[in-house]
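When reading the values below, keep in mind they use all heavy atoms of this one structure, side chains included, and skip hydrogens, waters and symmetry mates. All chains are named by letter (A, B, ...) in the order of the sequence lines, taking the proteins before the strands, and each is independently numbered beginning at 1.
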Amino acid sequence: MYIRDTLSGQLKEFSSEDNKVKLYVCGITPYSTAHVGHARSTITFDVLRRYLEFIGFEVQHVQNFTDIDDKIIVKAREESISYKELSTRYMQEYIRDMERLNVLPAHKYPLATEAIPGIIKIVEQLIAKGYAYENDGDVYFSVRKYINYGQLSNRSIDDMIAGSRIEISEQKRHPMDFALWKASKPGDPSWESPWGNGRPGWHIECTTICLDNLGETIDIHGGGLDLVFPHHENELAQSESFTDKDPFVRFWVHNGLLNLQDEKMSKSVGNLVSIDTALEKYKPDLIRLFFLSAHYRSPLNYSDQALSNLNKGLDRLLAVLRIHPHTDFGQLDSSPFESKFIESMNDDLNTSQAVGILFELAHEINRAHLNNITVGEAQKMLKKLGGILGLKFNQSTSSGADLEDKVFDLYRQMSKMIEPSNDQGLSNLIACADSKSLDSMMDTLVAIRRKLRDANSYDLADWIRDTLAKLNLIIEDNPESSHWRWK
RNA sequence: GGCGACGUAGCCAAGUGGUUAAGGCGGAGGUCUGCAAAACCUCUAUUCGGCGGUUCGAUUCCGCCCGUCGCCUCCA
């Protein structure tokens with residue numbers, strides 16, 4: 001498999017020792033509800049992980065929570081609760097949201113606040129080695145000491161200072177220096193350290209958690225494109241300064257950002273769609289399919305139109321999986337689709353192409369079935385390949401609280417309409433309707449319509465079909481048989 | 001100002017130095033059907049932002065221009 005590495009800018013063939021993959025994905029700062037942009041990132045790496053596992057790697061997946069930072073402190077104070085209470089709430093929410101999106105849980109979700117002893121050790125070492133300095137309770141990393149600073153984001157210290165709004169801080173020796181440890185203000189959550197009470201800076205928790213959980217060299221480090229600078233740049237600088245080991249990360253992988261009306265979706269802009277909101281409107285499979293329909297590194301515009309369009313496509317796949325295959329005519333060979341799927345995924349996780357292949361396979365299954373060829377194995381293949389993308393292909397079901405009553409009501413209306421016809425068979429069918437079981441009512445309705453259609457009573461047959469359609473119950477008629485399904 | 005990405009049909013979106021530029025949605029016609037739905041068949045970009053260059057040949061490589069977006073401050 002080939003993966004694009006941000007640091008080298010190259011497509012590189014992926015391999016690892018003993019077929020084990022150390023995968024570290026930057027998690028969230030839990031101070032507010034997760035949005036669909038977070039979902040895109042998480043799903044990107046979920047698919048990467050699933051695929052690596054599919055091709056035989058053993059993946060160890062670690063994702064952190066940065067559960068202490070300025071915004072958490074501010075927000076907790078606003079709500080008059082502890083930082084812990086606040087961060088716990090949003091961490092739980094996040095985990096639950098991801099579960100709903102069928103994301104495989106990471107093997108570990110380490111917290112920044114639980115890594116503090118390790119953080120302190122690393123900061124002490126960085127000071128001892130001359131990469132960092134303490135000033136009035138703060139500790140800063142000295143970017144000039146790390147000669148490769150800027151390598152990941154491909155920029156030079158001078159250029160960054162020249163163009164823009166770097167805050168000059170009295171405490172720092174160089175404006176680009178960044179905090180490893182921050183002295184805390186009275187009343188803020190704080191931890192004891194050799195430099196007084198304080199808390200970790202933003203990037204050091206990831207370094208520490210990586211080293212503690214995965215070792216000095218990790219195979220894949222992932223996150224959103226907006227983390228390249230400063231987060232990953234700083235993480236890289238401090239990690240390699242600490243370990244003297246190059247590389248810290250073999251593959252830096254970054255996903256493109258999700259836009260809303262061509263503008264990045266972010267907390268600061270406020271143009272957020274929460275995962276919860278998205279899930280109220282769209283099935284998890286659809287949201288995943290939407291993300292995967294574009295390349296993971298490209299920007300992607302979140303829009304209701306795009307999602308709704310894709311929904312028709314998802315319905316196609318679901319319809320194909322509903323086919324009852326013939327059993328006695330040669331099996332459709334779906335292995336070429338698997339090969340093409342793998343080829344696409346091997347090419348830097350080209351999920352867009354892979355999704356295209358799913359549709360091609362679906363089309364082929366429909367064709368084969370029409371020609372009386374058995375498609376059972378091909379259906380399994382479709383499910384299997386979709387599964388690599390984390391698609392569950394759950395058929396729609398919905399049992400509205402009073403749905404049974406509504407369908408039963410339909411019987412009552414029908415019995416009035418039918419009386420004049422004096423058809424004993426029909427009346428018997430109607431009479432045996434069981435208001436408890438939707439399945440049996442639907443089966444009976446299908447049978448009733450059969451009779452009606454045989455008797456050319458199309459008006460009533462159509463009325464039943466239309467009425468059920470309004471309840472999201474679809475009846476499909478074929479010359480020889482009829483079926484019902486959920487919309 | 002610096003760095004980077006992108007611009008492919010009505011929309012979403014892959015892709016390639018050269019026979020037919022994936023796939024989905026939408027649209028048109030047809031088959032099937034009592035009708036509808038689903039499915040199937042055919043069609044729907046002589047052309048890949050614009051202008052030059054390299055090349056026998058470029059949408060694909062190079063340069064410039066136009067446009068959109070991202071990063072350089074917290075962000076997945």
Side-chain angles (χ1 to χ4, degrees), chain A residues 6 9 25-29 31-32 34-45 63 66 69-71 150 153-156 158-167 176 202 222-231 233 254-259 262-269 289-290 292-295 297-301 303 305-317 319-320 322-323 340 344 347 350-363 365-367 369-371 453 456-459 461-462 465-466 469 474-479 482-483 485 487:
Chain A
T6 305
V25 180
C26 273
I28 57 163
T29 300
Y31 72 98
S32 65
H35 56 75
V36 281
H38 297 122
R40 183 185 189 195
S41 184
T42 308
I43 286 173
T44 297
F45 293 101
Q63 182 167 342
T66 302
D69 102 314
D70 287 343
K71 286 168 308 228
S153 54
N154 190 30
R155 55 189 87 194
S156 77
D158 294 334
D159 286 343
M160 281 188 277
I161 293 168
S164 74
R165 338 157 261 225
I166 306 285
E167 268 183 60
M176 294 301 295
W202 176 28
L225 214 47
D226 54 352
L227 293 183
V228 173
F229 190 92
H231 184 54
E233 190 72 66
H254 293 101
N255 65 276
L257 303 179
L258 192 65
N259 297 159
D262 288 315
E263 195 176 13
K264 173 184 160 185
M265 187 178 292
S266 77
K267 291 173 183 172
S268 49
V269 182
L289 205 58
F290 170 63
L292 299 174
S293 69
H295 188 90
R297 224 179 307 98
S298 308
L300 181 63
N301 231 347
S303 77
Q305 206 212 336
L307 267 304
S308 317
N309 282 170
L310 256 185
N311 194 231
K312 294 276 178 61
L314 178 58
D315 281 344
R316 265 171 80 79
L317 300 180
V320 163
R322 281 195 301 267
I323 292 174
K340 285 203 286 181
S344 299
D347 181 16
N350 191 338
T351 54
S352 181
Q353 209 164 59
V355 167
I357 288 155
L358 255 38
F359 281 108
E360 285 176 24
L361 174 57
H363 185 232
I365 292 173
N366 279 326
R367 276 168 56 96
H369 184 249
L370 262 182
N371 291 312
R453 290 169 66 216
N456 288 335
S457 300
Y458 293 119
D459 284 352
D462 290 350
R465 192 174 59 194
D466 294 346
I474 305 300
I475 289 187
E476 294 185 343
D477 289 330
N478 290 305
S482 297
H483 299 283
R485 64 175 172 89
K487 189 178 180 179

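- Counting non-hydrogen atoms under 4.0 angstrom, Gly37(A) reaches a base of the nucleic acid.
- Which of C40(B), A14(B), C25(B) sits closest to the side chain of Asn309(A) comes down to C25(B).
- Residue contacts shown for Thr44(A) are absent, as no nucleic acid heavy atom lies under 4.0 Å away.
- Side chain of Leu370(A), nearest nucleotide from A76(B), A38(B), C40(B): C40(B).
- Between Asn311(A) atom CG and Leu289(A) atom CG the span is 9.5 Å, to the nearest 0.5 Å.
- Atom-to-atom, CG of Leu225(A) to P of C3(B) comes out at 17 Å; the value is rounded to the nearest Å.
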Start with the C-alpha distance between Arg465(A) and Asp462(A), add both sets of side-chain angles, then the distance that settles salt bridge (charged side-chain N to carboxylate O under 4.0 Å, His left out), and finish with yes or no.
CA-CA 5 Å; Arg465(A) 192 174 59 194; Asp462(A) 290 350; 3.5 Å; yes

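- Taking the side chain as every heavy atom from C-beta outward, Asp158(A) and Ser156(A) approach each other to under 4.5 Å.
- In this structure, NE2 in His38(A) is found 6.0 Å from CD1 in Ile28(A), a value given to the nearest 0.5 Å.
- Counting only heavy atoms from C-beta on, Ser352(A) has its side chain closest to A14(B) among A14(B), A76(B), C72(B).
- A heavy-atom distance below 4.5 Å is found between the side chains of Glu360(A) and Lys340(A).
- Heavy-atom distances to RNA chain B give each of Ile475(A) and Phe290(A) a nearest nucleotide, and the one nearer the 5′ end belongs to Phe290(A).
- Considering only side-chain N and O atoms, Ser298(A) lies under 4.0 angstrom from the phosphate OP1 or OP2 of A14(B).
- The side chain of Ala294(A) lies closest to A13(B), out of G4(B), A13(B), A76(B).
- In this structure, the CG atom of Asn311(A) is 15 Å from the C1' atom of G26(B), given to the nearest Å.
- Distance, Arg485(A) CZ to A38(B) C1': 7 Å, rounded to whole Å.
- Comparing the C1' positions of A45(B) and A13(B) gives a spacing of 14 Å, expressed to the nearest Å.
- Remark on RNA chain B: of its neighbouring residues Ala354(A) and Asn255(A), the 5'-side contact belongs to Ala354(A), judged by nearest-heavy-atom nucleotide.
- Between the CZ atom of Arg40(A) and the C1' atom of G70(B) there is a distance of 12 Å, rounded to whole Å.
- Note: NE2 (His254(A)) to C1' (C69(B)) measures 18 Å, nearest angstrom.
- Taking atom P on both nucleotides, C69(B) is separated from U42(B) by 41 Å, rounded to a whole Å.
- Remark: the backbone N or O of Gln353(A) is paired with a side-chain donor or acceptor of Asn350(A) at under 3.5 angstrom.
- One finds a side-chain N or O of Asn350(A) lying less than 4.0 angstrom from the OP1 or OP2 phosphate oxygen of G15(B).
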Nucleotides 32-34 of chain B: which of its N/O atoms have a protein N/O under 3.5 Å away?
from: G34(B); atom 1: O6; to: Arg453(A); atom 2: NE; distance (Å): 3.2
from: G34(B); atom 1: N1; to: Asp462(A); atom 2: OD1; distance (Å): 3.0
from: G34(B); atom 1: N2; to: Asp462(A); atom 2: OD2; distance (Å): 2.6

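- In this structure, C40(B) and G30(B) make a Watson-Crick or G-U wobble pair, each of the two defining distances being under 3.5 angstrom.
- Nucleotides G24(B) and C6(B) have their P atoms positioned 25 Å apart, rounded to a whole Å.
- Residue Ser293(A) comes nearest to Ser352(A) through the heavy atom pair O-OG, 2.9 Å, listed as atom of the first residue, atom of the second, then distance.
- Leu358(A) comes within contact range of no nucleotide atom at all, as no heavy-atom separation falls under 4.0 Å.
- Atom CG in Leu289(A) sits about 14 Å away from atom C1' in A14(B), given to the nearest Å.
- The nucleotide A5(B) finds its pairing partner in U68(B), both defining distances of the Watson-Crick or G-U wobble pair being shorter than 3.5 Å.
- Atom C1' of U16(B) sits at a distance of 14 Å from the matching atom of U47(B), rounded to the whole Å.
- A 3.5 Å limit on both hydrogen-bonding distances identifies C56(B) as the Watson-Crick or G-U partner of G18(B).
- Judged by distance alone, the side chain of Arg40(A) and the main-chain N or O of Gly256(A) form a donor-acceptor pair under 3.5 Å.
- Between Phe359(A) atom CZ and G23(B) atom P there is a gap of 12 Å when expressed in whole angstrom units.
- The two residues Ala306(A) and Ser303(A) make their nearest non-hydrogen contact at N-OG, 3.1 Å.
- Considering all non-hydrogen atoms of both residues, Leu258(A) and Phe290(A) come closest at CD1-CE2, 4.3 Å.
- A distance of about 37 Å separates the C1' atoms of C25(B) and C64(B), rounded to the whole Å.
- Look at G10(B): its Watson-Crick or wobble partner, with both distances under 3.5 angstrom, is C25(B).
- Proximity of Lys312(A) to the phosphate of G26(B): a side-chain N or O atom is located under 4.0 Å from OP1 or OP2.
- Side-chain N/O atoms of Arg316(A) include none lying less than 4.0 angstrom from OP1 or OP2 on G23(B).
- Looking at heavy-atom distances under 4.0 Å, Gly27(A) makes contact with sugar-phosphate atoms alone, never a base.
- Between U46(B) and A39(B), the distance separating the two C1' atoms is 32 Å to the nearest Å.
- The CZ atom of Arg155(A) sits 6 Å away from the C1' atom of C3(B) (whole-angstrom rounding).
- Between A21(B) and A9(B), the two P atoms lie 15 Å apart (nearest whole Å).
- Nucleotides A58(B) and G70(B) place their P atoms 35 Å apart, quoted to the nearest Å.
- Proximity of His363(A) to the phosphate of C41(B): a side-chain N or O atom is located under 4.0 Å from OP1 or OP2.
- The nucleotide C51(B) finds its pairing partner in G63(B), both defining distances of the Watson-Crick or G-U wobble pair being shorter than 3.5 Å.
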